[in-house]
> 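Questions regarding the structure given below will be posed in turn.
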Protein chains: 2
Amino acid sequence: MNKEEQVIMGFRDLLNKLVWLNKYKMEKSLKGYKPTEVHCIEYIGNNVDANVTKLAESFYMTRSAMSKLTKKLMQKGLIESYQKPDNKKEIYFRLTEQGKVIYKIHEELHKEFRERDKAVFEQVTEEQFDGMLSFVEKYSKHLDAEIKKLGIDMKSE
Amino acid sequence: MNKEEQVIMGFRDLLNKLVWLNKYKMEKSLKGYKPTEVHCIEYIGNNVDANVTKLAESFYMTRSAMSKLTKKLMQKGLIESYQKPDNKKEIYFRLTEQGKVIYKIHEELHKEFRERDKAVFEQVTEEQFDGMLSFVEKYSKHLDAEIKKLGIDMKSE
DNA sequence: ATCATTTTGTTGACAAGGAAACAAAATCGA
DNA sequence: TCGATTTTGTTTCCTTGTCAACAAAATGAT
């Protein structure tokens with residue numbers, strides 16, 4: 001296996017582990033709340049005027065899925081919807097007080113995760129950080145361009 | 001956002017894009033075959049004596065899921081099962097001729113993906129590669145240790 | 001050798017997410 | 001301005017994967 005694949009597969013494997021472990025911890029601290037739900041609460045807490053479409057784009061999921069998820073979160077009383085006077089189509093979400101509690105707990109957990117992994121990041125030099133970030137940026141832009149090409153092809157079909 | 005989170009979230013986002021894009025391309029070339037199915041065929045093509053358990057471990061999925069997936073692939077005639085004379089429990093899989101065709105097409109696609117992304121990787125210096133690989137390795141080992149801790153906690157509960 | 005434990009695979013009930021069809025509102029184009 | 005197109009969100013049906021319970025074979029302990 002060449003280095004390119006090692007990097008990609010290495011990171012894929014790493015993120016799998018990270019997600020798995022953090023999910024485990026999260027289910028312990030936030031019993032009854034699924035990772036996706038918490039993730040959704042996090043996004044709504046961080047972004048004003050979040051709606052189904054923005055959530056879907058951010059999570060690489062369908063509007064369909066997000067519509068169902070937000071519905072559930074509303075039923076649980078964690079988020080509430082609102083509209084703007086000049087727009088009767090878009091529906092925005094914000095956290096309820098109860099939702100904010102979950103948000104805070106989630107934030108604390110994240111702090112805990114950072115603390116747990118601090119030792120690893122302390123070993124990384126500034127050059128390595130910058131190298132990784134520049135790689136991510138370049139590759140990401142490259143893929144954006146490829147996806148854009150796709151968009152054109154899709155409509156010309 | 002600090003650099004640590006930038007790296008993690010950057011890679012998460014990057015992999016999401018990569019998966020999404022390659023999935024799209026794959027569905028175009030291998031119509032009727034889902035990514036998981038192809039992924040499974042790839043594994044069986046690369047590993048002799050693949051069975052449900054090994055597949056599950058490799059894919060971070062349950063045996064249950066793999067049992068159903070292999071069943072479907074057998075019904076489609078892409079893989080076939082066999083056993084060893086001295087073991088009546090374990091069931092192994094290998095590709096059929098039809099399965100090998102899919103395997104080859106998938107291989108070609110991968111080559112195409114590498115070609116597509118070559119330009120990005122050519123810009124990465126050897127130092128950057130090594131930096132990333134060492135980071136992945138360290139972090140991965142760190143998480144393995146954390147997961148191991150968890151295992152002890154789990155049984156002591 | 002025998003009985004308990006572990007490993008391996010399967011099944012059914014369930015939940016999450018995707019695809020397609022749809023309705024309602026907004027925007028665009030002439 | 002007004003009809004066509006696009007955007008936004010919802011619902012229904014379907015697929016995929018998990019969990020839990022299970023059966024059968026292998027392994028281990030005594």
> Using the ring of Phe113(B) (Phe, Tyr or Trp, six-membered ring only), decide whether Lys25(B) places NZ or CZ under 6.0 Å from its centre and within 45 degrees of its axis.
no
> Report the distance from atom CD of Gln83(B) to atom P of dT8(C), rounded to the nearest whole Å.
14 Å
> Does the protein touch nucleotides 9-16 of chain C at the base, only the backbone, or not at all? Give it as B, S and - per nucleotide, heavy atoms under 4.0 Å.
BBBBB-SS
> How long is the line joining NZ of Lys88(B) and C1' of dT7(C), in whole Å?
17 Å
> So do the side chains of Lys141(A) and Val120(B) get within less than 4.5 Å of each other, counting heavy atoms only?
no
> If you define the side chain from C-beta out and look only at heavy atoms, does anything of Phe129(B) sit under 4.5 Å from Phe135(A)?
no
> Would Glu37(A) and Lys72(A) pass as an ion pair if we require N to O under 4.0 Å?
yes
> Would you mind reading off the distance between Gln75(A) atom CD and dT10(D) atom C1', rounded to a whole angstrom?
13 Å
> Got Met26(B) and Tyr33(B) here, is their nearest side-chain heavy-atom distance under 4.5 Å?
no
> Grab the NZ-P distance between Lys84(A) and dT8(D) for me, whole Å please.
13 Å
> What's the OH-P distance between Tyr33(B) and dT15(D), to the nearest Å?
17 Å
> Aromatic ring centroids of Phe93(B) and Tyr82(B) under 6.0 Å?
no
> If you compare every side-chain N and O of Asn87(B) against the phosphate oxygens of dA25(D) (OP1, OP2), does one of them come in below 4.0 Å?
no
